[in-house]
Amino acid sequence: MYVIQSRSLLAPGIAEFVVEAPLIAKKRKPGNFVIVRPTKTGERIPLTIVTSDAGQGTITLIVQAIGKTTRMMHQMGEGDAFEDVVGPLGEPTPVANYGRVVCIGGGVGTAVIYPMAKGLKDAGNEVISIIGAQKSDMVILEKEMGAVSDELLITTDDGSRGMKGFVTQALAGVMERGDQIHGIYATGPLPMMKAVADQTRASGTRTLVSLNPIMMDGTGMCGACRVTVGDSLKFACVDGPEFDAHAINFDELITRNRAYMKQESEALKSLESDQSCKAVRAL
Amino acid sequence: MSKKKEAREKFKKIMPMKPRERMQIPRHLPLEQKPECRIENFAEVSNGFNVELAAEEALRCLECNDPVCMQGCPVNVDIRSFIGMVYQKDYQGAINKIRESNYLPAICGRVCPQESLCESVCLVGKKNEPLAIGKLERFVADYELKNGGFTPPQKAEAKGQSVAVVGSGPGGLTVSAELARMGYDVTIFEALHEAGGVLKFGIPEFRLPKHIVDAEIDRVKALGVKIETNVIIGRTLTIDELFDEMGFEAVYLGTGAGSPRFLNIPGENLSDVYSASELLTRVNLMKAYKFPEYDTPLKLGRRVAVIGGGDVAMDAVRTSKRFHPEKTILLYRRSREEMPARAEEVHHAEEEGIEFHYLTNPVRIHGNEDGSVRAIECQKMELGEPDEQGRRRPVPVKDSNFMMEVDTVIVAIGQSPNPIIQQTTPGLETSKWGTIIVDEHGATSRKGVFAGGDISRGGATVIQAVADGKLASRSIDSYLASVREERSTKA
Ligand SMILES: Cc1cc2nc3c(=O)[nH]c(=O)nc-3n(C[C@H](O)[C@H](O)[C@H](O)COP(=O)(O)OP(=O)(O)OC[C@H]3O[C@@H](n4cnc5c(N)ncnc54)[C@H](O)[C@@H]3O)c2cc1C
Ligand SMILES: Cc1cc2nc3c(=O)[nH]c(=O)nc-3n(C[C@H](O)[C@H](O)[C@H](O)COP(=O)(O)OP(=O)(O)OC[C@H]3O[C@@H](n4cnc5c(N)ncnc54)[C@H](O)[C@@H]3O)c2cc1C
Ligand code: SF4
Ligand code: FES
């Protein structure tokens, strides 16, 4: 059992969990994720390890409540325990001192970009970060991102905080300055990552994205997470989740990620009709 | 008189029939769920023998002086003796006898390809149908499970050395049981949240109920074997850490061949194309057939096509059938004779109304605008010259492409070894297929590291994994004995 040491709400529908998992805490590197099965009847879902504390034997996860599993997780709190947590999974982000890099996080993707940005900063890079959210109260990890960035730009769709618009607009601004950029890292919803890839393709700037395909085992056994990268088929859980953005077939991945939409809304309905779920609906 | 001889004399006395008469008795078949019933559930297809049927089947055994059946068995179970005990109604004696050579009888009695192993050489089979050895093995294992006669076998004195076993499939379970009996302290590390390997996530409930697998795992645990789930060796812990930090003195790799292969045809990444492993894992391990009580979904359309011809394809197609599509189709590029799946399972699939299309090779999967599957384009094949393995090679028939309307495609054309350990363990030699290279003792190129089962063979069988586990347990024992010796001469 993997005991939850603390849980706090970062934004509406986005919670942070500190979970006991000593072996994983000891091993984890930026870019790694875990697979969590919250309950005995639950499904296995991937979540990025935002940070870890090897001394305390804990890892930190940030979870956005969207479907049944993540909403159920939101109902769990300090002292409760996840049934299974396995990891650290995936190839870590390659970090070296490249020079100047841009790190972009969209929505809960900021939780995924944070450990990458921190790793890049620790390796001596100049880090320019862009975090985007729908509105001001959805901005997460602002302080943490600020601490590992030389420059932090914030965008909101409605302009209630930082720049009005999308992260791609902020990125355009950074690129127009003409300073050389040695790498762009982006994580967030697939359409956002696709837009970033389209935007940087012409200049050929090395662009890495962390993909979020549907996963199950996370060990290379099911093939659910397969993506087309260039001419080859890759399994995001063992070969990724980070890939060269310019080589990814995003359209294919976007349709694959919609595979279970109907079943997921059915599961959600059954959760919502359950009396014990008032807390979730309040979210 | 030796004990063995005594037993045989006693047997002769109670045996009412002459060998020739026994040869005439037809083979007994256990009752099975009727096809129209079983496609409505995931319960086991075969009911197994009851006491009466088992006794009558055991009566057919000739108790040969030279029991060839034993040589047909990769782990040389003393088949003649155990069948004799069944006839004498000593069921506990029979199961104990099997367990001397194979610690997983309830599992092997169900899934071993007996028809091409022990039963294929049984003397009765020369004139009549061979003994139902597998069904008898299953019967005594089930009898013990039902009647609770199990006591863990004697263990040797503790050796004070510990062994790490990676993977909890049939190979890992076997090596662990053997080493525990020899007095070693054994810990299994398993990547998934449940132990059992393919027995749990691959083979469906209707062929191998999961409570049977659990019961047999409990018997391994009863020997003192510890199982740590949710630990991926190569990620959570490395092989080097097992040795240097955790004090294990030998490691066995039984990590299987779990990585699905794809056809590399256009349309294969449409959203309704599954690997058989994904389908089977969703259903077996994650209980998608109980959705939404269990949270893992599965989406099968009205017309499901499975591609392949092995056990995995058979399992995938029969599992799909149980979700009630209008049509469940199997596409295989050779003919029925070349199909590698077990005859019994092909027969079961036919009874269940699976549509078999032979000499049919998919070349492209067509999608709708929303990225879902619409149809599969196939090519007719004919059989040409035999290949290296002697199987006739399928050759495309010119201009024979045709379309089949389907909305789900399941690819079941084989698995490759899991790459994680090979990628994270320096000095571990692998073949060009990614399998771990072992010598005739099951030793790898790394000192103290042994391997077997699918990870060294590519896709094989449960009993081969068991045989490899037994071989490796002996090699590990002598390796650790030499370590002990070295230590005592140093001290
Ligand atoms: C490597 C990786 C890292 C991730 N890190 C984070 C993170 O740090 N924080 C976070 O909030 N989310 C993260 N996600 C996404 C998260 O896994 C999904 O939001 C979650 O699985 C949704 O489950 P659900 O049952 O609540 O929703 P559902 O209702 O089941 O699904 C909603 C949508 O989530 C996606 N999804 C569903 N099941 C899975 C699955 N098993 N694997 C991946 N995606 C799925 C699909 O696009 C689906 O349409 C990550 C995904 C990946 C692949
Ligand atoms: C659908 C299907 C049906 C089959 N039907 C039959 C049949 O009827 N009869 C028959 O004889 N054979 C059958 N087989 C083949 C048979 O199941 C295999 O040959 C056998 O299970 C191999 O055993 P194994 O011990 O080598 O590994 P597996 O059973 O593959 O187990 C390997 C285990 O290791 C774990 N693992 C992998 N990597 C790591 C790691 N890095 N760290 C920790 N754990 C890890 C895996 O999660 C898994 O649990 C079938 C196979 C499939 C897929
Ligand atoms: S070969 Fe057949 S008849 Fe002879 S001992 Fe074995 S099972 Fe009995
Ligand atoms: S999640 Fe199953 S192969 Fe990647």
Side-chain angles (χ1 to χ4, degrees), chain A residues 2 21 23-24 26-27 32 34-35 37-45 67-69 72 83-91 214 216-228 233 235 238-239 249 251-264 266-271, chain B residues 190-194 201-202 228-232 234-238 241 255-262 264 268-282 285-288 290-299 367-372 411 415-420 423:
Chain A
Y2 299 78
L23 290 179
I24 304 173
K26 216 171 112 189
K27 265 293 152 53
N32 283 149
V34 285
I35 296 261
R37 192 177 66 133
T39 63
K40 275 201 160 68
T41 56
E43 84 183 301
R44 296 167 63 102
I45 65 158
K68 178 173 177 189
T69 308
M72 226 162 50
E83 190 68 31
D84 300 293
V85 178
V86 63
L89 299 167
E91 286 294 315
I214 291 178
M216 183 171 50
D217 57 296
T219 67
M221 191 189 81
C222 72
C225 65
R226 62 192 192 274
V227 285
T228 307
L233 192 66
F235 289 1
V238 285
D239 303 322
N249 184 337
D251 294 335
E252 179 186 280
L253 184 56
I254 289 169
T255 46
R256 283 188 62 79
N257 262 26
R258 282 201 293 255
Y260 296 106
M261 252 166 27
K262 206 172 126 241
Q263 282 82 353
E264 280 150 5
E266 192 189 324
L268 197 55
K269 256 187 239 132
S270 82
L271 177 78
Chain B
E190 168 56 51
L192 291 170
H193 58 257
E194 277 191 33
F201 62 75
E228 302 281 349
T229 51
N230 293 324
V231 180
I232 304 187
R235 297 259 196 240
T236 320
L237 294 166
T238 62
E241 284 168 329
T255 50
S259 186
R261 286 196 212 121
F262 288 91
N264 291 319
E268 204 169 16
N269 290 337
L270 290 167
S271 80
D272 301 296
V273 184
Y274 284 98
S275 75
S277 337
E278 182 183 355
L279 170 92
L280 292 169
T281 307
R282 280 183 185 270
L285 185 71
M286 306 309 296
K287 310 263 178 273
K290 294 187 182 164
F291 182 86
E293 181 195 339
Y294 280 72
D295 293 336
T296 304
L298 178 74
K299 184 181 159 207
N368 289 318
E369 292 202 331
D370 64 355
S372 60
V411 182
Q415 280 103 243
S416 305
N418 283 325
I420 294 178
Q423 286 166 358

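Every chain is numbered from 1, with letters handed out A, B, ... down the list of sequences. For clarity, every value in this text was computed on a predicted model and none was experimentally measured.
Residue-environment remark: CD (B:E293) exceeds the threshold of 12 foreign heavy atoms within 6.0 Å.
Listed here is the closest heavy atom pair of B:P260 and A:G220: CD-O, 3.7 Å. When all heavy atoms of A:V86 and B:A191 are compared, the pair lying nearest together is CG2-O, 3.7 Å. Taking each heavy atom of B:T281 and A:M216 in turn, the nearest pair found is CB-CE, 3.7 Å.
In this structure, CD on A:E252 lies 7.5 Å from CG on B:L270, to the nearest 0.5 angstrom. B:Y294 OH to A:E43 CD: the interatomic distance, rounded to the nearest 0.5 Å, is 14.0 Å. A distance of 12.5 Å separates OG1 in A:T255 from CD in B:E369, rounded to the nearest 0.5 Å. Note that OG1 of A:T41 is 11.5 Å distant from CZ of B:F291, once rounded to the nearest 0.5 Å.
Side-chain contact between A:V85 and B:N230 is absent, with no heavy atoms from C-beta onward closer than 4.5 Å. Side-chain contact check for B:R282 versus A:C222: every heavy-atom pair is 4.5 Å or farther apart. In this structure the side chain of B:H193 never reaches within 4.5 angstrom of the side chain of A:E83, judged on heavy atoms. Considering only heavy atoms from C-beta on, B:D295 comes within 4.5 Å of A:M72 through its side chain. Between B:L192 and A:R37 the shortest side-chain heavy-atom distance does not fall below 4.5 Å.
For a residue to count as touching a neighbouring chain, one of its non-hydrogen atoms must lie under 4.5 Å from one of that chain's; by this rule B:S372 does not touch chain A. When heavy atoms are compared at a cutoff of 4.5 Å, A:K26 approaches chain B solely by way of its side chain, counted from C-beta outward. If you measure heavy-atom distances from B:K287 to chain A, you find no contacts under 4.5 Å at all. A:L23 touches chain B through backbone and side chain together, each having a heavy atom under 4.5 Å away. Only the side chain of B:I420 comes within less than 4.5 Å of a heavy atom in chain A; its backbone stays farther off. Contacts of B:L298 with chain A are made by backbone atoms alone, with heavy-atom separations under 4.5 Å and no side-chain atom involved. Proximity to chain A is absent for every atom of B:L279, based on heavy atoms less than 4.5 angstrom apart. With a 4.5 Å cut-off on non-hydrogen atoms, B:V411 does not touch chain A at all. If you measure heavy-atom distances from A:I214 to chain B, the contacts under 4.5 Å come from the side chain alone.
Note on A:K27 versus B:E241: salt bridge recorded, some NZ/NE/NH1/NH2 to OD/OE distance being below 4.0 Å. Under a 4.0 Å N-O distance rule, the pair A:E91/B:R235 qualifies as a salt bridge.
Ring geometry for B:F262 against A:F235 counts as perpendicular: the plane angle is over 60°, on a 0 to 90° scale with 30° as the lower cut.
Contacts with chain A were tallied for B:A276, B:S259, B:P297; B:P297 has the most, counting heavy-atom pairs under 4.5 Å. Residue with the most contacts toward chain A among B:L280, B:V273, B:D370: B:V273 (heavy-atom pairs, distance under 4.5 Å). Interface check for chain B: of the options A:I24, A:V238, A:L253, the most heavy-atom pairs under 4.5 Å are formed by A:V238.
Side-chain N or O atoms of B:T236 include one that pairs as donor or acceptor with a backbone N or O of A:G87 at under 3.5 Å.
One side chain, A:R226 or B:N269, offers a donor N or O that lies under 3.5 Å from an acceptor on the other.
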